[in-house]
Undergrad: 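Quick one: this structure, given as C-alpha cells, is what I'll be asking you about.
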Amino acid sequence: MKKSLCVVGLGYIGLPTSVMFAIHGHQVHGVDVNHKAVEMINNKQLHIEENGLQERLEEAVDAGNFKAGLEPVEADVFVIAVPSPIREDKTANLDYVRKATEAIVPFVKEGNLVILESTVPPRTVEDVMVPVLKETGLDIGKELFISHSPERVIPGKVFQELVDNDRIVGGINETSSTMTKELYESFVKGNIHLTDATTAEMAKVIENTYRDVNIAFANELALISDKIGVNSWEAIKLANYHPRVNIHTPGPGVGGHCIAVDPWFLAEIEPDLSKIIQLSRNTNDHMPVYAAEQIQKIAKEQFIHDPKVALFGLSFKANIDDQRESPSLKVIMELVEKGISFKTFDPHIKENVASNQTQSMDEALEDADILVILTDHDEFKQLDPANIKGKMKNRLVFDTKNALSLDEWKNAGFIAKRLGDSKNG
Ligand code: SAJ
C-alpha cells in the first residue's frame, strides 16, 4: 500500500532512500537543516555525488512524489537518517538522533511507524528514542510503532545495494517489525530478516567492526612485510585462495563515517571487553602516520632533502567525492608537521578545500619529486608513467593502495615503491 513518508536527514543515506521510496509510488517529504541542500534538491540538483542519484531525483520530483523542506510534516511513516558521529573522546554523539526524534514528536499520530536508519550503539532505540517518543502521549508498541532498520549500503553502489542487499529489521515488537518489512518490500529484493531493535543495532555495528578488525590485521601484515622483504599484497592474495580465509587489504588508513567510527560504539559500552576492537582502531588510525613516515624515508634514501610531494587522492576511498575521516587528510597533517611541501589533486573533489589543492594533474606534478597515490580512483590506475615522467622533477612514486603496476613504472625509469611491499623495493 502506498504511504506518506517523512524522511529526516537528506544526506548520503536519506536522500537516496527518499528517492527510492518516491519512485516506488510513496509520497515522500524530506527534511534537512541545510537550507542550500533543500533548495538544490527541490531544483533537482545534487549536493552529494552518488551513481544514479541525479536521474532518480529528477524522476521522483517530476512525478510529484518528493519534496524537501526544513520542517517535518505529518505522515504515516517517519524515517530518521541523520549522522551519528563520535566526539573527540570517542564517545557516541547521539544529539542528531535525539533532536530528529524530538522534531517529529508534534507530527506523530496514532498508528504511525518511526524507523531509525542511522547506525547507533546497541540500546539507542530503547533508551534514547522510546523515552522521547513517549512525549507524544501515545501507547508505545500499541498506538505507535518503532523499529531500527540500519542502512547497509556502500557509497558508490548505493542504488544497487539498496535493492539487492539483505536488510535487517528490528522492531520494538512484532507489529513494528512487520510494518517496517512491508514498507521496505516496495523496493528491496534481498531477504528482510526480522529481529528486535537492540539485536539489529548490534548486528549493524558488528558488520563494520568486523571490517575494521580485518583491515587492521591486513595493515599489521603490511607492516611486518615491510620489515622482512615480503609483498603483503601478494601474500594476502595467496592466503585468500584458501576457502575459509578472507583478509582485507592494507592501505594508508580507514576513512569514512562508518568503519572508522562505529567500533567505538562497542568500545564505549564495554571498554574492558573490547580489546581487539580498540587495538584495531588504533592500528588503522596509525596508518596515515606510517604512510607519511614512508614518504619521508623514500625522499631521504634518494638524498632529497626538501622533497616536494604530489598527493593524488583526497576522498576516503575510490571513485567517490566523500572526504569524511579520509586518511589522506591525516597524511596531509603529518606532512605539514614534518615541514614537507606538497600539492594535492583529486578529480572527484571539485572545490579546492585547501590552498595546496590543485584542479589539474599537471599543476600538482610540477616540480614534484614524489608522486604518492592515496586513493585508488580509476583515473589513477590508468595513469601512464611515460606521460608523467616528463612532468616531475624527480621520478619517485609511492603507491599506498596497490593501484599501480610497479614494473610498468620502473620500466619507465621511476623508483617505484608500494606500502606493505618491501619485496619490490
Ligand atoms: N579499506 C581498507 N581496506 C579494505 C577495505 C577498506 O583500507 O580492505 C578502507 C577504505 O579505503 C576506506 C575505509 O576502509 O577508507 C572504509 O571503506 P569501505 O568501503 O570498507 O566501507 P564504507 O565506510 O564505505 O561503508 C561501510 C560498509 N560496511 C561494510 O562493508 C561492512 C557499508 O555497507 C555500510 O553501509 C557503511 O559502512 C555504513 O554506512 O555503515
Side-chain angles (χ1 to χ4, degrees), residues 9 11-17 48-51 81-86 116-121 148-162 164-168 190 200-223 232-233 236-237 239-240 245-265 280-281 283-288 290-291 313-331 346 348 373-377 380 399-403 419-420:
Y12 286 93
I13 299 301
L15 183 57
T17 305
I48 51 168
E49 194 182 86
E50 177 57 45
N51 294 326
V82 292
S84 47
I86 45 168
L116 176 69
E117 282 225 13
S118 317
T119 306
V120 288
H148 180 46
S149 181
E151 63 82 10
R152 302 167 100 189
V153 290
I154 199 108
K157 286 205 291 185
V158 165
F159 286 102
Q160 184 203 320
E161 294 209 352
L162 270 177
D164 294 335
N165 285 5
D166 280 15
R167 214 170 168 107
I168 302 169
E201 291 166 332
M202 182 72 173
K204 164 66 203 220
V205 175
I206 288 175
E207 292 165 11
N208 284 354
T209 304
Y210 158 78
R211 213 159 155 77
D212 197 44
V213 171
N214 196 330
I215 297 166
F217 177 52
N219 281 329
E220 197 165 286
L221 298 175
L223 300 182
S232 61
W233 303 86
I236 289 171
K237 188 171 141 200
N240 281 347
V245 175
N246 174 24
I247 306 164
H248 293 359
T249 54
V254 170
H257 39 106
C258 313
I259 295 188
V261 169
D262 302 347
W264 291 117
F265 294 167
S280 302
R281 257 314 42 254
T283 300
N284 289 337
D285 274 351
H286 183 69
M287 291 311 288
Y290 181 72
L314 290 170
S315 51
F316 82 83
K317 65 177 197 176
N319 305 325
I320 60 167
D321 69 343
D322 192 341
Q323 292 179 79
R324 284 176 293 176
E325 312 286 327
S326 173
S328 307
L329 306 180
K330 293 175 191 148
V331 172
D346 191 316
H348 291 260
I373 304 288
L374 291 175
T375 312
D376 48 344
H377 291 315
F380 300 157
D399 179 8
T400 68
K401 291 295 289 183
N402 195 20
L419 184 144

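As the structure lists them, so they are numbered: ligands from 1, and atoms in each ligand from 1. This structure is a prediction, so every number in the text was calculated from the model and none was measured.
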Undergrad: Could you tell me whether H257 and ligand 1 have an N or O pair separated by under 3.5 Å?
TA: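 N/O-N/O distance under 3.5 Å: no.
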Undergrad: Which heavy atom of the protein is the closest neighbour of atom 33 (O) of ligand 1, given with residue, atom name and distance?
TA: R152 O, 2.7 Å
Undergrad: Considering heavy atoms of the protein only, find what lies nearest to atom 16 (C) of ligand 1 and give residue, atom and distance to 0.1 Å.
TA: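 Its nearest protein heavy-atom neighbour is G255 O, 3.6 Å.
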Undergrad: For atom 12 (C) of ligand 1, which protein heavy atom lies nearest, and how many Å away is it?
TA: F316 O, 3.4 Å
Undergrad: How far is atom 27 (C) of ligand 1 from its nearest protein heavy atom, and which residue and atom name does that atom have?
TA: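 Ranked first by proximity to atom 27 (C) of ligand 1 is I154 CD1, 3.7 Å.
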Undergrad: When you measure from the heavy atoms of C258 to every atom of ligand 1, does any distance fall below 4.0 Å?
TA: yes
Undergrad: Evaluate the ring planes of H257 and F316, with Trp represented by its six-membered ring, and classify them as parallel (under 30°), tilted (30 to 60°) or perpendicular (over 60°).
TA: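 Rings of H257 and F316: perpendicular, as their planes differ by over 60°.
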Undergrad: Mark yes or no for whether S280, through its side chain, and A216, through its backbone, hold a donor-acceptor pair below 3.5 Å.
TA: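 No; zero donor-acceptor contacts below 3.5 Å.
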Undergrad: Measure from atom 8 (O) of ligand 1 to every heavy atom in T249, I215, V158 and give the option owning the shortest one.
TA: T249
Undergrad: Looking only at protein heavy atoms, which one is nearest to atom 39 (O) of ligand 1, and what is the separation?
TA: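 Ranking protein heavy atoms by distance from atom 39 (O) of ligand 1, first comes E151 OE2, 2.3 Å.
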Undergrad: Distance under 4.0 Å to a non-hydrogen atom of E207: what atoms of ligand 1 satisfy this?
TA: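 This gives 31 (C) as the contact atoms.
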Undergrad: Whether the side chain of H148 engages the backbone of L116 through a donor-acceptor N/O pair (distance < 3.5 Å, no angle test) should be reported.
TA: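 Checked: pair present.
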Undergrad: Under 3.5 Å, is there a donor-acceptor pair linking the side chains of D376 and N402?
TA: no
Undergrad: Examine the proximity of ligand 1 to V153 and report which part, side chain or backbone, both or neither, has a heavy atom under 4.0 Å away.
TA: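 Contact part for V153 vs ligand 1: backbone (N, CA, C, O).
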Undergrad: Ignoring hydrogens and angles, tell me if any N or O in the side chain of T375 forms a donor-acceptor pair with the backbone of S315 under 3.5 Å.
TA: yes
Undergrad: Is it the case that the side chain of W233 and the backbone of L419 share a donor-acceptor pair, with hydrogens and angles ignored and the cut-off at 3.5 Å?
TA: yes
Undergrad: Please confirm whether K401 approaches ligand 1 to less than 4.0 Å, judged on its heavy atoms.
TA: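 Contact present.
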Undergrad: To the nearest 0.1 Å, how far is atom 28 (N) of ligand 1 from its closest protein heavy atom, and which atom is that?
TA: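 Checking every protein heavy atom, the shortest distance to atom 28 (N) of ligand 1 gives N208 OD1, 2.8 Å.
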Undergrad: Is the closest heavy-atom distance from G251 to ligand 1 below 4.0 Å?
TA: no
Undergrad: Do any N or O atoms from the side chain of N51 and from the backbone of G156 form a donor-acceptor pair under 3.5 angstrom?
TA: yes
Undergrad: Should the proximity of R211 to ligand 1, defined as any heavy atom under 4.0 Å, be assigned to the side chain, the backbone, both, or neither?
TA: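 R211 to ligand 1: side-chain contact only, backbone stays beyond 4.0 Å.
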Undergrad: Side chain or backbone, does I259 bring an N or O within less than 3.5 Å of an N or O on ligand 1?
TA: no
Undergrad: How close does the nearest protein non-hydrogen atom get to atom 22 (P) of ligand 1, and which residue and atom is it?
TA: K317 NZ, 3.9 Å
Undergrad: Between E161 and R152, is there a side-chain N and carboxylate O pair less than 4.0 Å apart?
TA: no
Undergrad: Counting N and O atoms only, with roles assigned by atom type, does the side chain of N214 sit under 3.5 Å from a partner on the main chain of N246, one being a donor and the other an acceptor?
TA: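 Yes, the answer is positive, given that a donor and an acceptor are paired below the 3.5 Å cut-off.
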Undergrad: Judged by atom type as modelled, is there a donor-acceptor pair below 3.5 Å linking the side chain of N165 to the main-chain atoms of V153?
TA: no
Undergrad: May I ask whether K204 places a heavy atom under 4.0 Å from ligand 1?
TA: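 Yes; K204 lies near enough to ligand 1 that a heavy-atom distance drops under 4.0 Å.
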Undergrad: Do ligand 1 and E161 have nitrogen or oxygen atoms that lie under 3.5 Å from each other?
TA: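 Between E161 and ligand 1 (N or O atoms, distance only) the closest approach is not under 3.5 Å.
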Undergrad: In this structure, which one of V331, L223, T400 forms a side chain to side chain contact (heavy atoms under 4.5 Å, CB included) with Y290?
TA: L223
